[in-house]
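One structure is given here, and the rest of the page talks about it.
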Amino acid sequence: MLSNITLHIEDDYEAMSKKATDVFIMALSQKMRSVFGFATGDTPKGLYRNLRTKDPYLFKRITAFNLDEYYPIHPENEQSYAYFMAKHLFDAIDLPQKQRHSPNGMAEDPIAECELYEQKLTAYGGIYFQVLGIGRNGHIGFNEPGESWTAQTNYVPLTQSTIDANSPNFLDPKDMPRHAITTGMRGIMTAKQIMLLASGENKAEILYKALTGPVTPSVPASVLQLHPDVTVVVDAAAGALFPRGK
Ligand code: GLP
C-alpha cells in the first residue's frame with residue numbers, strides 16, 4: 001500500500017462509522033472555517049448519524065459542497081442528493097442554506113450548471129476535506145469508468161451497473177434519472193484531505209483493485225493513489241482482501 005494512503009480496517013459498520021467520525025472531527029477541529037465535500041449513499045449514513053450528535057456549534061462555519069446530484073431531479077424529491085444531505089446532516093446541524101451547495105438537478109441547462117458549480121467551488125478555494133464512497137464499479141461521485149478522466153464538474157450518463165445499484169432506492173425503479181452532475185477529478189483531487197469509506201463484501205474486490213491496481217480511468221477510484229493524503233476507512237467485509245493490521 002502506498003504511504004500516502006492510510007487504511008483503517010474496522011470490525012464492522014459501527015466501528016467503521018466511529019473511526020470515520022473521529023477522522024472527520026479531527027479535520028474539522030483543525031479548520032472549522034473551511035469547505036467540506038459530502039458524498040451520499042448508504043455507506044456514510046453512520047458517519048452522518050454520529051455527526052448529528054455533535055455540538056452543532058462545531059459546524060457553524062463550514063461550507064458544504066455536495067459531491068454530485070442526479071439530473072433531472074427536484075431537490076425535494078426524497079431520492080435527490082440535496083434532500084439526502086439535508087435529512088442526514090445539514091438540517092440537524094442547522095447549517096444555513098447559504099452554506100450549502102449542490103449541483104442543481106433542475107437547472108435548465110445541465111452543462112451550464114456544471115460550469116457554474118465548478119466556478120463556485122473554485123471561488124471558495126476548493127475543498128479542504130472530502131468524504132467519498134465508492135461505487136461497485138469503482139466510481140467516485142458519479143465519475144463512471146471510462147477511457148479518460150474528466151477534470152471539471154461534468155454531466156454524465158449513468159452506467160447500467162450504477163442504474164442497477166441505485167434504482168431500487170426509487171419507489172418505481174424506472175423513475176431513477178439516467179444522468180447526473182458530478183464534481184470532476186480536479187475538484188476531488190485538489191481536496192487537501194480525502195476520506196474514502198467502504199462497507200460490505202460487494203466492495204471488497206473493487207476497493208482492492210482501486211488501491212493496489214493500476215491507476216486507470218477504468219477504475220475511477222484508482223486516481224486516489226495519486227493524492228497525497230487519503231484516509232480509507234472500511235469494515236472487515238470491504239477490507240477482506242487486505243492483510244489485516246493497520
Ligand atoms: C452513489 C454515489 C456515490 C456513492 C456510491 C456508493 O451512486 N454517486 O457518491 O459513493 O454510489 O454508494 P453506497 O454507499 O450506497 O454503496
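Only heavy atoms go into these numbers, but all of them, side chains included; no hydrogens, no water, no symmetry mates. Indexing begins at 1, ligand by ligand and atom by atom, following the structure's order.
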Worksheet item: If you measure from each non-hydrogen atom of Leu197 to ligand 1, which part falls under 4.0 Å: side chain, backbone, both or neither?
Response: neither
Ligand-residue contact atoms, ligand 1 with [X], heavy atoms, under 4.0 Å:
{"X": "Asp68", "answer": "2 (C), 8 (N), 9 (O)"}
{"X": "Gly133", "answer": "10 (O)"}
{"X": "Phe142", "answer": "7 (O), 8 (N)"}
{"X": "Gly41", "answer": "12 (O), 13 (P), 14 (O), 15 (O)"}
{"X": "Thr40", "answer": "4 (C), 10 (O)"}

Worksheet entry | Whether His139 lies under 4.0 Å from ligand 1, heavy atom | yes
Do me a favour and list the nearest non-hydrogen protein atom to [atom] with residue, atom name and distance?
{"atom": "atom 3 (C) of ligand 1", "answer": "Gly141 O, 3.6 Å"}
{"atom": "atom 14 (O) of ligand 1", "answer": "Thr43 OG1, 2.4 Å"}
{"atom": "atom 7 (O) of ligand 1", "answer": "Asn166 ND2, 2.9 Å"}
{"atom": "atom 6 (C) of ligand 1", "answer": "Ile134 O, 3.6 Å"}
{"atom": "atom 16 (O) of ligand 1", "answer": "Lys203 NZ, 2.6 Å"}

Salt bridge [X]-[Y], side-chain N to carboxylate O under 4.0 Å:
{"X": "Glu118", "Y": "Arg186", "answer": "yes"}
{"X": "Asp91", "Y": "Arg100", "answer": "yes"}
{"X": "Lys19", "Y": "Asp22", "answer": "no"}
{"X": "Glu14", "Y": "Arg49", "answer": "yes"}

Fill in: Check: Met106 main-chain N/O paired with Asn104 side-chain donor or acceptor under 3.5 Å
yes
Worksheet item: Counting N and O atoms only, with roles assigned by atom type, does the side chain of Thr150 sit under 3.5 Å from a partner on the main chain of Gly184, one being a donor and the other an acceptor?
Response: no
Item to complete: Kindly compute the distance separating NZ (Lys45) from OG (Ser199), expressed to the nearest 0.5 Å.
Response: 11.5 Å
Worksheet item: Do other residues, nucleotides or ligands put more than 12 heavy atoms under 6.0 Å from Arg61 CZ?
Response: no
